[in-house]
Amino acid sequence: MRISPEQLALVDRQVKRILDSGNYYSKIYREAGIREVKTEEDFLRIPFTDKADLRNAYPLGIQAVPDEQVVRIHSSSGTTGKPVIIPYTARDVSDWATMFARCYEIAGVTAKDRIQITPGYGLWTAGIGFQAGCEKLGAMAIPMGPGNTEKQLQMMIDLGSTVLCATSSYALLLAEEINRRGLRDKIRLKKGIIGSERWSDAKRNYIARELGIELYDIYGLTEIYGPGIGINCPEQTGMHLFDDYLYTEIINPQTGEVLPDGEEGEIVITTLVKEGAPLLRFRTHDLSRILPGDCPCGRREPRLDTIRGRSDDMFKVHGVNMFPSQVEEILGMVDGVSSEYKIDIAHDDSNNRDIIMVTAEADGRVDFSRTAETIRQLFKSRMNVTPKVAIVSLNTLPRSEKKTQRVFDHRGD
Ligand code: ZN
């Protein structure tokens, strides 16, 4: 989707604001000779930025307004090194809540709903974003935060929560618990709004079925406000992204080349009106594509396809690029297999070949060796690699509320 004249004018304003602020990026743009953005060519000359830049600018080097205009900071931890600090102005906080309220509306949530919010509160953007959007919409927020399943279920039943906001892992855990305790008739949930990590259809179908709810994927990242910058509509054809606040590009993660709509690559986002920490052409490392054409729902915003993974999660076997989401897709096609798995990659020096070993869980209804063979064949036909497959019984592999490491690369150990 090409940048519109209105969006270009907003980027131009952002560049001038950044240059005037003297912040971390003002130096980079001055060195790159970026002074104004009048045309698409000007825009494409703006260098990409990355989480590494935000770490270099720690703690507040990217702040582009005077201190008296900053009302809050958020922080994303990341897996390595220093955290990233993002300052917000009152307008940033309000714009974020406006976008988030829009997300709820697109999902059909109204002021009459009771929204149980289970993502964490604090430095993270998660809980507080769900909360601010809920209050802007006028619905009742039930600000639970994560964990304490006992209390979650009690509140869900006693208050008759109608909307559950959660990560897919936590929604799954609650669904399993509700199923195990036979509480299905006591809950009144209608919709689930799930933070957009990549998750398998098997997991999605289980949660939707066990809780009897419609599921919506919400997109966002701390560097760009937080969750709530896009969501899928009831047509379930990709996530609408709010292009009055953001301009989205898809690039080839290796070369940086901008890709046309429909092609898969890394999502790059430019904030059009963000004040506290404006980011231009920020590389998210999330992989997806912009879906061409219009959504049947009539909304005109660009739509992002399901997040397929992270460019940094990609692994290579025999020179073939693979993503955890592809593994999940395959496992989702096999009867009796859970969505948990472990992959070990090693190198067989004597034959100079990579060896990939997949460990998956299956329940007692299915024949383990036949299931292993089915998985082996699916890998062969769909990904062009032939793994060794081990099947273990259900609940053997580790689970966590946060991101679980599933791919272990032993080559060069
Ligand atoms: Zn739509």
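Since this is a predicted model, take the numbers as computed values, not measurements. Remember, it's 1-based here, ligands and their atoms both numbered in the order they're listed.
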Practice item. Give a yes or no on whether Arg181 atom CZ has more than 12 heavy-atom contacts from other residues, nucleotides or ligands under 6.0 Å away. Key: yes

Point to revise | More than 12 heavy atoms from other groups under 6.0 Å of CG on Asp367 | key: yes

Residues that [X] engages under side chain to side chain contact (heavy atoms under 4.5 Å, CB included), provided they are two or more places apart:
X: Arg299; value: Arg102, Ile106, His240, Phe242, Cys297, Glu301
X: Arg289; value: Glu264, Leu291, Asp305
X: Gln254; value: Asn252, Met314

Practice item. Report yes or no: do Glu340 and Ser338 form a side-chain donor-acceptor pair below 3.5 Å? Key: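 No.
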
Check your understanding: Close to the Zn ion (ligand 1), meaning under 2.8 Å, how many protein N, O or S atoms are there?
Key -> 4

